[in-house]
Trainee: 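I'd like to ask you about the structure that follows.
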Amino acid sequence: MGEGSLILYLGQITFYEEKNFQGRSYECMNDCSDMTSYLSRCQSCRVESGCFMVYDRTNYMGNQYFMKRGEYSDYQNMLGMRDCIRSCRMIPMHRGQFRMKVYERENFGGQSHEMMDDCDNIMDRYRMNDVQSCNVMDGHWLMYEQPQYRGKQMYMRPGEYRSFRDMGMSGMRFMSMRRIMDSCN
């Protein structure tokens, strides 16, 4: 594998202090828990390859936004963000099956369903009116607070998530889920 294809595989995002890709920039090819040491603010970005979650607080906290390959010349207006990007996480490519078990209550309690594909409305499909914990066995997922993949998002990578409230998602309900496919490049 040549160096160019390695960059595409890993993903690359460039952040700019000003709108329209102006001002100082910071190029990132992996996770960054605190971008404030590189840029005092960030108002536009360009995703060269791969997929990233960006966060409006340091340490992957706060509101989350999914970004795939493309140009975001004024992402605050495009995505409805109020604050600057403060941290980002690269989403690795996943090939193979996707599996996630969602639970109605915290600590894997209440009604549960195993999912292997996208779900545009958990209430319509499974008669669940809330998801408060989950276990991601395979793949990377995006959860949305509204049906039809709308509203606030939360990135879920493989692992056990006993309480969305403990993750800073207090009061949020997740009503739709989508697999992050390798079409990010």
Side-chain angles (χ1 to χ4, degrees), residues 11 13 31-33 45 47 49-70 72 75-83 85-185:
I13 188 169
D31 297 353
C32 179
S33 64
C45 68
V47 180
S49 60
C51 296
F52 290 83
M53 285 308 286
V54 297
Y55 304 81
D56 63 6
R57 291 175 44 205
T58 58
N59 297 313
Y60 320 113
M61 300 295 286
N63 292 313
Q64 307 179 24
Y65 301 89
F66 176 71
M67 294 188 157
K68 59 183 178 179
R69 187 176 182 158
Y72 302 85
Y75 66 78
Q76 288 174 311
N77 283 333
M78 293 168 74
L79 301 175
M81 283 182 82
R82 287 174 299 205
D83 295 314
I85 295 171
R86 302 281 186 221
S87 57
C88 76
R89 179 165 269 153
M90 190 195 75
I91 301 172
M93 282 183 13
H94 174 77
R95 298 196 191 284
Q97 71 176 357
F98 286 76
R99 281 189 330 138
M100 173 172 64
K101 193 163 189 177
V102 294
Y103 298 85
E104 190 176 32
R105 294 200 290 271
E106 293 181 338
N107 294 311
F108 314 124
Q111 188 181 170
S112 68
H113 291 281
E114 187 168 309
M115 301 170 47
M116 297 182 77
D117 59 359
D118 299 350
C119 175
D120 64 358
N121 189 326
I122 195 119
M123 181 65 184
D124 287 352
R125 186 182 291 180
Y126 298 119
R127 301 289 177 243
M128 287 177 74
N129 62 4
D130 201 1
V131 173
Q132 294 184 12
S133 58
C134 74
N135 182 10
V136 178
M137 287 86 81
D138 294 300
H140 299 258
W141 298 74
L142 280 179
M143 297 181 78
Y144 297 82
E145 76 174 330
Q146 297 172 19
Q148 306 301 322
Y149 318 114
R150 294 189 328 258
K152 290 186 178 180
Q153 307 167 359
M154 185 165 64
Y155 168 49
M156 311 301 290
R157 53 191 187 172
E160 292 185 345
Y161 301 89
R162 294 185 170 278
S163 171
F164 296 159
R165 185 186 53 187
D166 291 350
M167 296 169 60
M169 298 294 168
S170 184
M172 273 188 68
R173 294 173 60 182
F174 292 101
M175 301 304 292
S176 53
M177 297 83 190
R178 175 180 277 169
R179 299 164 293 164
I180 302 176
M181 306 296 280
D182 58 8
S183 60
C184 293
N185 289 333

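Just the heavy atoms: all of them, side chains too, but no hydrogens, waters or symmetry mates, feed the values below.
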Trainee: Please report whether the ring centroid of Phe66 lies less than 6.0 Å from that of Tyr155.
Mentor: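 No, they do not, as the ring centres are separated by 6.0 Å or more.
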Trainee: Should Asp117 and Arg125 be marked as a salt bridge (charged side-chain N to carboxylate O under 4.0 Å, His left out) after you check the CA-CA gap, both sets of side-chain angles, and the distance that decides it?
Mentor: CA-CA 12 Å; Asp117 59 359; Arg125 186 182 291 180; 3.2 Å; yes
Trainee: Shortest non-hydrogen contact from Val136 to Arg157?
Mentor: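 Looking at all heavy atoms of both residues, the shortest contact is CB-O, 3.5 Å.
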Trainee: Measuring only between side-chain heavy atoms, which start at C-beta, is Met53 closer than 4.5 Å to Ile91?
Mentor: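 In short, these two side chains touch, coming nearer than 4.5 Å.
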Trainee: To the nearest 0.5 Å, how far apart are CD in Gln148 and OG in Ser176?
Mentor: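 So the gap between those two atoms works out to 7.0 Å.
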Trainee: What class does the angle between the rings of His113 and Tyr126 fall in, given that below 30° is parallel, 30 to 60° is tilted and above 60° is perpendicular?
Mentor: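 Geometry flag for Tyr126 against His113: parallel rings.
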Trainee: Taking the side chain as every heavy atom from C-beta outward, state whether Val131 and Met177 have any atom pair closer than 4.5 Å.
Mentor: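 Yes - at least one pair of side-chain heavy atoms lies under 4.5 Å apart.
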Trainee: If you apply the rule salt bridge (charged side-chain N to carboxylate O under 4.0 Å, His left out), what do you find for Arg165 with Glu106, and how did you get there?
Mentor: CA-CA 9 Å; Arg165 185 186 53 187; Glu106 293 181 338; 3.1 Å; yes
Trainee: Check Glu145 with Arg173, please: is the shortest side-chain N to carboxylate O separation under 4.0 Å?
Mentor: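 Looking at Glu145 together with Arg173, the answer is no, because their closest N to O distance does not fall below 4.0 Å.
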Trainee: Apply side-chain contact (heavy atoms from CB on, under 4.5 Å) to the pair Tyr72 and Val47, showing each step before the final yes or no.
Mentor: CA-CA 8 Å; Tyr72 302 85; Val47 180; 3.9 Å; yes
Trainee: Just do the salt bridge (charged side-chain N to carboxylate O under 4.0 Å, His left out) check on Arg86 and Asp56 with the steps written out, would you?
Mentor: CA-CA 5 Å; Arg86 302 281 186 221; Asp56 63 6; over 6 Å; no
Trainee: Nearest 0.5 Å, please: how far is CZ in Arg178 from CG in Leu142?
Mentor: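 Between Leu142 CG and Arg178 CZ, I get 8.0 Å after rounding to 0.5 Å.
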